[in-house]
Amino acid sequence: MIKRTAEKTLGIIGSIIVVFIGFFGGVSLVLTKNDEFKTRLNDNLNTIQSDTNAASIIDSLQNAAGMLLWSSIISFILVLIALFNLKKNAKSTLAGILFILSAIVIFISSFFVGFVPGVLFIIAGILALTKKPSTYADQNIPG
């Protein structure tokens, strides 16, 4: 039986960061649907005499916030499945693949906001894929 403490720790720390990213995306999504926010943004754009339309900025913010929210939800689910598979040493390869897949999802679809959890998940995935339990023949015990 091999200990998977490093993979579990990296997965938990990364998933906590992913939850914060998802929370930020959810709050941003709710904020962009608020009428007061829209009017203040429009007033500020009129004050600085910008050619940018407030509606296009709101649409861009809503799309970005939605991507943050959904990518963090998908990544969090993948990490939870990977962490549960780490309990069974036979499924550490699946856990490693899920960690790396989660890193790709959070890193690319969150516009590189998920850089830190992505790196943590990649490290955990590589550890899960490379650490193998030693067999009796590998221990070089005489006798």
Item to check | S28 versus A65, closest heavy-atom pair with distance | outcome: CB-CB, 3.7 Å
Checklist entry - Linking I/L/V/M/F/W/Y whenever their side-chain heavy atoms sit closer than 4.5 Å, directly or via other members, would L94 and I104 fall into one cluster? => result no
Item to check | Parallel, tilted or perpendicular: ring planes of F107 versus F112, cut at 30 and 60 degrees | outcome: perpendicular
Checklist entry - Looking at T32 and K38, what are the two nearest heavy atoms and their distance? => result O-CE, 3.2 Å
Checklist entry - Looking at F121 and L10, what are the two nearest heavy atoms and their distance? => result CE2-O, 4.3 Å
Checklist entry - So do F37 and I58 actually touch side chain to side chain, heavy atoms under 4.5 Å? => result yes
Item to check | Distance, nearest 0.5 Å, that separates CG of L80 from CD1 of I12 | outcome: 9.5 Å
Checklist entry - Side-chain contact, heavy-atom cut-off 4.5 Å: L120 with I17? => result yes
Next on the checklist: For the backbone of S72 and the side chain of S75, can you confirm whether one donor and one acceptor N or O come within less than 3.5 Å of each other?
Outcome noted: no
Item to check | side chain to side chain contact (heavy atoms under 4.5 Å, CB included) between N85 and L98, worked out | outcome: CA-CA 10 Å; N85 281 323; L98 288 175; 3.9 Å; yes
Checklist outcome for this item: Value for CD1 (I81) from CZ (F99), rounded to nearest 0.5 Å, stands at 11.5 Å
Next on the checklist: Under 4.5 Å between side-chain heavy atoms, counting indirect links through other Ile/Leu/Val/Met/Phe/Trp/Tyr residues: same cluster for L101 and I73 or not?
Outcome noted: yes
Item to check | Pairwise distance CG(L31) to CD(Q62) - rounded to 0.5 angstrom | outcome: 10.0 Å
Checklist entry - What are the two closest non-hydrogen atoms of K3 and K131, and how far apart are they? => result O-NZ, 3.1 Å
Next on the checklist: To the closest 0.5 Å, what do you measure between CD1 (I21) and CG (L69)?
Outcome noted: 11.5 Å
Item to check | side chain to side chain contact (heavy atoms under 4.5 Å, CB included) between L68 and F23, intermediate numbers included | outcome: CA-CA 9 Å; L68 277 178; F23 179 75; over 6 Å; no
Checklist entry - Atom OG1 in T39, atom CG in N44: separation rounded to 0.5 Å? => result 9.5 Å
Checklist entry - Going only through I, L, V, M, F, W and Y residues with side-chain contacts under 4.5 Å, is there a path from I16 to V19? => result yes
Checklist outcome for this item: Looking only at heavy atoms, the pair that brings L127 and R4 closest together is O-NH1, 3.8 Å
Checklist entry - Between V79 and V18, is any pair of side-chain heavy atoms under 4.5 Å apart? => result no
Checklist entry - Around F111, counting heavy atoms of other residues, nucleotides and ligands shown, do more than 12 lie under 6.0 Å from its CZ? => result yes
Next on the checklist: Grouping I, L, V, M, F, W and Y whenever their side-chain heavy atoms are under 4.5 Å apart, do V27 and V30 come out in a common cluster?
Outcome noted: no
Checklist entry - Can you get from I106 to I126 by hopping between Ile, Leu, Val, Met, Phe, Trp and Tyr side chains that sit under 4.5 Å apart? => result no
Checklist entry - Roughly how far, to the nearest 0.5 Å, is CG of L29 from CE of M67? => result 12.5 Å
Checklist entry - Between L129 and T93, what is the shortest heavy-atom contact and its length? => result CD2-O, 3.5 Å
Checklist entry - Hey, is the main chain of F84 close enough, under 3.5 Å, to the side chain of K91 for a donor-acceptor pair? => result no
